[in-house]
Amino acid sequence: MSKPTKRDQAIAASIAGWFIENDRDFPWRTTPRNPYYALVSEAMLLQTQAARIAERFPVFIDRFPTVDSLAHADEQDVLAQWSGLGYYRRAKNLHRAAQRVVDEHDGVVPSDVESLLQLPGIGRYTAGSIASIAFDKPEPIVDGNVVRVLLRIEGADLPPTETATKKMLWERAETLVKSADSPAAFNEGMMELGATICTPRSPSCQECPVRTRCKAKKQGRQGEIPMPKPKPKQRIVHAASVVIRDKQGRMLIEKRDDSGMWAGLWQAPTVESDDKAPSKTMIKVIAGGKQIKRLNTFEHQTSHRTFHFTVYAAAPPSRRKAHQRWATDAQIRSLALARPQMRILLGDDGSG
DNA sequence: AAAACGTGGTT
DNA sequence: TAACCAAGTTT
């Protein structure tokens, strides 16, 4: 770590001071901060905008108010609380992390980065985040917001995903957080600044607490920094799901594999195929051999795939397959479902 | 090192 | 509208 300059100290003080006056009111921002809330909110916030989590966090906490309650919950119940949020591995990791906190740390969320890093789903960012925000320790954090803010402040036209760039950013973050009076306010301030002022496009530089010290602004290049990230390859997947109700109105559902996309979540009987839509024969097989009727189609976008879903209806088979079960609407609402299946099974398109 | 992993907001 | 990207981690 390099020695902080006068400019570094001024930047750290400006951003921490700005945050104290301009923090948004989120349910995990209690006074004082609750380390369990930090654990849960950080898991939810990975790659997800804070405004979206604001509605889901209180519901989750209502269901699992303490580390202990989360540790003793069924994994399916935790996953169910995650329905529609995506990256479902975060929920499994959070659940396991809570169990480890109970088993190995007497139910107290650890405050040091070393211990935090041992917990599943907690990497360098999250460990630093919990240590600094919940415990006010001078630990650096670098998330997408911090990358953008720091590269702009330095006017550094560097590829943000390169190892050398990341190394430099972590060092700058460390220098700055160690020169801040409140590491918590500085780190949260960096992210808040990136989320509300120093936005990816059309940043509000005139409202920025470090506008006089920002090299990108000085050069008028805040719109070009950071360079865009390379985007992942997209695959097209065709999926057919069959809605099957028995006489009592229950629906036939099955559990997905424990690995890969939507691991361990529930769905209507579904086939997927890469190149072209699944054959009618194949769909009838998963429908239990009865005649099928096409209901509707829709697209679903994920980070690496475009799904073309076709939804069918079929009469109930005389006998369900071993891996399938019948479930009432109420039961289905309490299961872990990915967005497309919420739509298929519950008629919930996510808009409400 | 690169790919997998979800879903929705913003411009 | 179609990019672009969000409080990243794991394999």
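Below, chain A is the first sequence line, B the second, and so on; all start at residue 1. All of these numbers come straight from a predicted model, not from anything done at the bench.
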Selected nucleotide, minimal atom distance to [X] side chain, candidates [options]:
X	options	result
A:R52	C:dG8, B:dG9, C:dT10	B:dG9
A:R201	B:dT11, C:dG8, B:dA4	B:dT11
A:M191	C:dT9, C:dA7, C:dA6	C:dA7
A:K231	C:dA7, C:dA3, B:dT7	C:dA3
A:E188	C:dT10, B:dT7, C:dA7	C:dA7
A:S202	B:dC5, B:dT11, C:dA7	B:dT11
A:N145	B:dT10, B:dT7, C:dA7	C:dA7
A:L46	C:dA6, C:dG8, C:dA7	C:dG8
A:W262	C:dG8, B:dG6, C:dA6	B:dG6

Using whole Å, report how far [atom1] of [X] lies from [atom2] of [N].
X	N	atom1	atom2	value
A:K92	B:dC5	NZ	C1'	11 Å
A:R96	C:dT9	CZ	C1'	12 Å
A:L94	B:dC5	CG	P	21 Å
A:I133	C:dA7	CD1	C1'	7 Å
A:M190	C:dA6	CE	P	14 Å
A:I53	C:dG8	CD1	C1'	13 Å
A:E162	B:dA1	CD	P	8 Å
A:Q47	C:dT10	CD	C1'	13 Å

Spacing of the [atom1] atoms in [M] and [N] (rounded, Å):
N	M	atom1	answer
C:dC5	B:dC5	C1'	15 Å
B:dG8	C:dT1	C1'	16 Å
B:dA3	C:dA7	C1'	22 Å

Identify whether any heavy atom of [X] sits under 4.0 Å from a base atom; if not, whether one sits that close to sugar-phosphate; answer base, sugar-phosphate or nothing.
X	answer
A:S129	nothing
A:R148	sugar-phosphate
A:T199	nothing
A:M261	sugar-phosphate
A:T126	sugar-phosphate
A:W82	nothing
A:G194	nothing
A:A51	nothing

So, is [X] close to the [N] phosphate, meaning a side-chain N or O under 4.0 Å from OP1 or OP2?
X	N	answer
A:W170	C:dG8	no
A:Y88	B:dT7	yes
A:R339	B:dG8	yes
A:K233	B:dA2	no
A:H304	B:dA3	no

Distance-only side-chain donor-acceptor flag, [X] / [Y], under 3.5 Å:
X	Y	answer
A:S69	A:T66	yes
A:N93	A:R96	yes
A:S132	A:N187	yes
A:E75	A:H95	no

Problem set entry | N-O pairing of A:E192 and A:R29 below 4.0 Å |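 Yes, charged N to carboxylate O under 4.0 Å.
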Problem set entry | 5′-ward residue of the pair A:Q49/A:R305 relative to DNA chain B |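 This one resolves to A:R305.
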Problem set entry | Upstream residue (5' side of DNA chain C) when A:G121 and A:R29 are each assigned their closest nucleotide | A:R29
Exercise. So which one's nearest nucleotide on DNA chain C is more toward 5', A:I122 or A:A50?
Worked result: A:A50
Exercise. Is A:D62 reaching over with its side chain to a backbone N or O of A:V59, donor-acceptor style, under 3.5 angstrom?
Worked result: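 Between the backbone of A:V59 and the side chain of A:D62 there is no qualifying donor-acceptor contact (under 3.5 Å).
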Exercise. So, does A:D74 use its side chain to make a donor-acceptor pair with the main chain of A:Q76 at under 3.5 Å?
Worked result: no
Exercise. Between the side-chain atoms of A:T48 and the base atoms of B:dG8, is any donor-acceptor pair under 3.5 Å?
Worked result: no
Problem set entry | Mutual orientation of the aromatic rings belonging to A:F307 and A:H300 [parallel < 30°, tilted 30-60°, perpendicular > 60°] | tilted
